[in-house]
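The structure under discussion appears below in the form of structure tokens.
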Amino acid sequence: MLDPQLLRQNLDDIRERLESRGYTLDVSSITDLESRRKALQSKTESLQAERNEASKRIGAAKARGEDPQSILDSVATIGDQIKDFQLELTGLQESIHEIYSGIPNLPHESVPIGTDENDNQEVRKWGSPAKFDFEVKDHVDLGADLGMMDYEAAARLSGSRFVTMRDGLARLHRALAQFMLDLHTREHGYTETYVPFLVAPEVLYGTGQLPKFADDQFSTQDDPPFYLIPTAEVPLTNLVANQIIEADDLPMLKVAHTPCFRREAGSYGRDTRGMIRQHQFEKVELVHIVEPNQSYDALEKLTGHAEAVLQQLDLPYRVITLCTGDMGFGAAKTYDIEVWIPSQNQYREISSCSNCEAFQARRMKARWRNPESGKPELLHTLNGSGVAVGRALVAIMENFQNSDGSISVPQVIRPYMAGMEQIRLGEG
RNA sequence: GGAGAGGUGGCAGAGUGGUCGAAUGCGGCGGUCUUGAAAACCGUUGAUCCUCACGGGUCCGGGGGUUCGAAUCCCUCCCUCUCCGCCA
């Protein structure tokens, strides 16, 4: 959520800045609602003040043994009036809050203006795609030929966009997550964190998935429902919801390995083949909780930590800055890291690193005590994949495939697989 | 799932209808004393909304009710703890 004060005072300016991300702010209805709210609020509050004052006089009169009847008469109807006003005021405030909750974050000034992914800017490239002297297979064929990856079996259990794996591939998948966790905790200073995979609705509100993106989430039928986390960003970031963090405890760097669940509504027909886009996948997620003036430094560091994973795995990638039109709802600035996928002859997203500034913190009421002011102030939150495990598996399978259909295990992963150097047919 | 106890400021803990946003202690901050520190003593110390400001409103787990007035009474939901049952 944007700062309501800022919003009220700079409506036109903010409308203009949001225009760059393809969002049209309804200035006139906001102006209208706000002016009605303002009038009603001051009217209600002065009535409350009047009642409080009279009630005190009644108490004082009784204490002196006097008859308070005349004061009682004078406030006989005030309670009902207040109730009516409050009802209307609450309604107005809810409408305003609903509108504000649906407004995306303001892009940072360094974000390129653009409408879609074609306007994203490449920041840097690392490594160079390997040259193959044979016809490359995609990970689906590689996995099937090894007998270790079966989409039909998964479909019999759960329908489309699920996978089953066995033997070497299942193990490689697990090893990748272990490797990433160890790298981030041992070398990048993150605290390994275990979190719930089912969360309450207000938790999804805090990070911005609700109310606008309810259709993308899986939920249970309980009342209130539990939501299956679409990313560990949700529970990790919400750990500071409704908290006031001491300056000494910042920055907080958290890492978690979790399954992620997404409906993928609206992506029909996209990436239907293989593991790129699934209803269930695993991800190692990085979250930074920082004081505001550190957040852009933190974004560079966070992105670097995700890149380190790919560098150690020796996977070629590039980093791009998302343009205003391609950014997610809560982000002020986002770097995507894209890994080389040989079968598609292109780079595909494997990590997305965002600075949300105070956007999520305001929704979550996540604050820190600024030593300079002594007052609680909003934190800045950042998140990034470090990295998507399923897509890393795809990238390794395709980039490390050999002409005989076997897959070489990257050096850094071998200790996690009892020294195994290759995954090949008939060997578990 | 059953039975019981309980949710009050950073923490502990009083407060059962009226100047209670809340005693007291601890902690934090400032000061006196000290070469410095500790101890002792004094002072100070919740969050949030509206307002340029003055000032005012709201908050004692959430929601609702009774009342001129609710931390306090009633209803309801949630959570925590203890015991039993079940379970990994």
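Labels below follow one simple rule: chain letters A, B, ... track the order of the sequence lines, proteins then strands, and each chain is numbered from 1.
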Answer yes or no: is there an ion pair linking [X] with [Y], defined by an N-O contact shorter than 4.0 Å?
| X | Y | result |
| --- | --- | --- |
| A:Asp138 | A:Arg273 | yes |
| A:Asp271 | A:Arg391 | no |
| A:Glu34 | A:Lys38 | no |
| A:Arg277 | A:Glu264 | yes |
| A:Asp32 | A:Arg36 | yes |
| A:Glu338 | A:Arg348 | no |
| A:Lys56 | A:Glu53 | no |

If I take atom [atom1] in residue [X] and atom [atom2] in nucleotide [N], what distance separates them, rounded to the nearest angstrom?
| X | N | atom1 | atom2 | value |
| --- | --- | --- | --- | --- |
| A:Arg363 | B:U48 | CZ | P | 20 Å |
| A:Lys43 | B:U51 | NZ | P | 17 Å |
| A:Lys375 | B:C49 | NZ | C1' | 14 Å |
| A:Asn242 | B:G61 | CG | C1' | 12 Å |
| A:Leu40 | B:G56 | CG | P | 21 Å |
| A:Leu89 | B:G57 | CG | C1' | 11 Å |
| A:Leu92 | B:C49 | CG | C1' | 15 Å |
| A:Arg36 | B:C50 | CZ | P | 18 Å |

(request) Mark yes or no for a side-chain to base donor-acceptor pair under 3.5 Å between A:Glu45 and B:G56, with no hydrogen or angle criteria applied. (result) yes
(request) Mind checking side chain to side chain contact (heavy atoms under 4.5 Å, CB included) for A:Gln69 and listing every partner two or more places apart, or none if nothing turns up? (result) A:Asp67, A:Leu72, A:Asp73
Say we look at [N] and [M]: how far apart would their [atom1] atoms be, to the nearest angstrom?
| N | M | atom1 | result |
| --- | --- | --- | --- |
| B:U72 | B:C54 | C1' | 34 Å |
| B:C41 | B:C52 | P | 46 Å |
| B:G64 | B:C78 | C1' | 14 Å |
| B:U45 | B:C84 | C1' | 46 Å |
| B:G65 | B:C26 | C1' | 38 Å |
| B:U58 | B:A70 | P | 9 Å |
| B:G30 | B:A38 | P | 11 Å |
| B:C60 | B:A12 | C1' | 16 Å |

(message) Does the Lys NZ or Arg CZ of A:Arg174 fall within the cation-pi geometry relative to A:Tyr416 - under 6.0 Å from the ring centre and within 45° of the axis?
(response) no
(message) At less than 4.0 Å, is any side-chain N or O atom of A:Gln243 found next to OP1 or OP2 of B:G10? Yes or no.
(response) no
Could you let me know what [N] is paired to, Watson-Crick or G-U wobble, both distances under 3.5 Å, or none if it's on its own?
| N | value |
| --- | --- |
| B:U24 | B:A12 |
| B:G18 | B:C68 |
| B:A88 | none |
| B:C83 | B:G2 |
| B:A40 | B:U32 |
| B:G46 | B:C59 |

(request) Using the closest heavy atom to pick a nucleotide of RNA chain B for each, name whichever of A:Pro4 or A:Glu53 lands nearer the 5' end. (result) A:Pro4
(message) Need to verify one output field. Residue with the more 5' nearest nucleotide on RNA chain B, A:Gln93 or A:Asn52?
(response) A:Gln93
(message) Can you build the contact string for nucleotides 65-71 of chain B? Use B for base contact, S for sugar-phosphate-only contact, and - for no protein heavy atom under 4.0 Å.
(response) -S-BS--
(request) Describe the nucleic acid contact of A:Glu34 in one word from base, sugar-phosphate, nothing, applying a heavy-atom distance below 4.0 Å. (result) nothing
(request) Please determine, for the side chain of A:Arg367, which listed nucleotide (B:G56, B:C50, B:U48) has the closest atom? (result) B:U48
(message) Checking contacts here: which listed nucleotide (B:U48, B:C49, B:G56) is nearest the side-chain heavy atoms of A:Pro376?
(response) B:U48
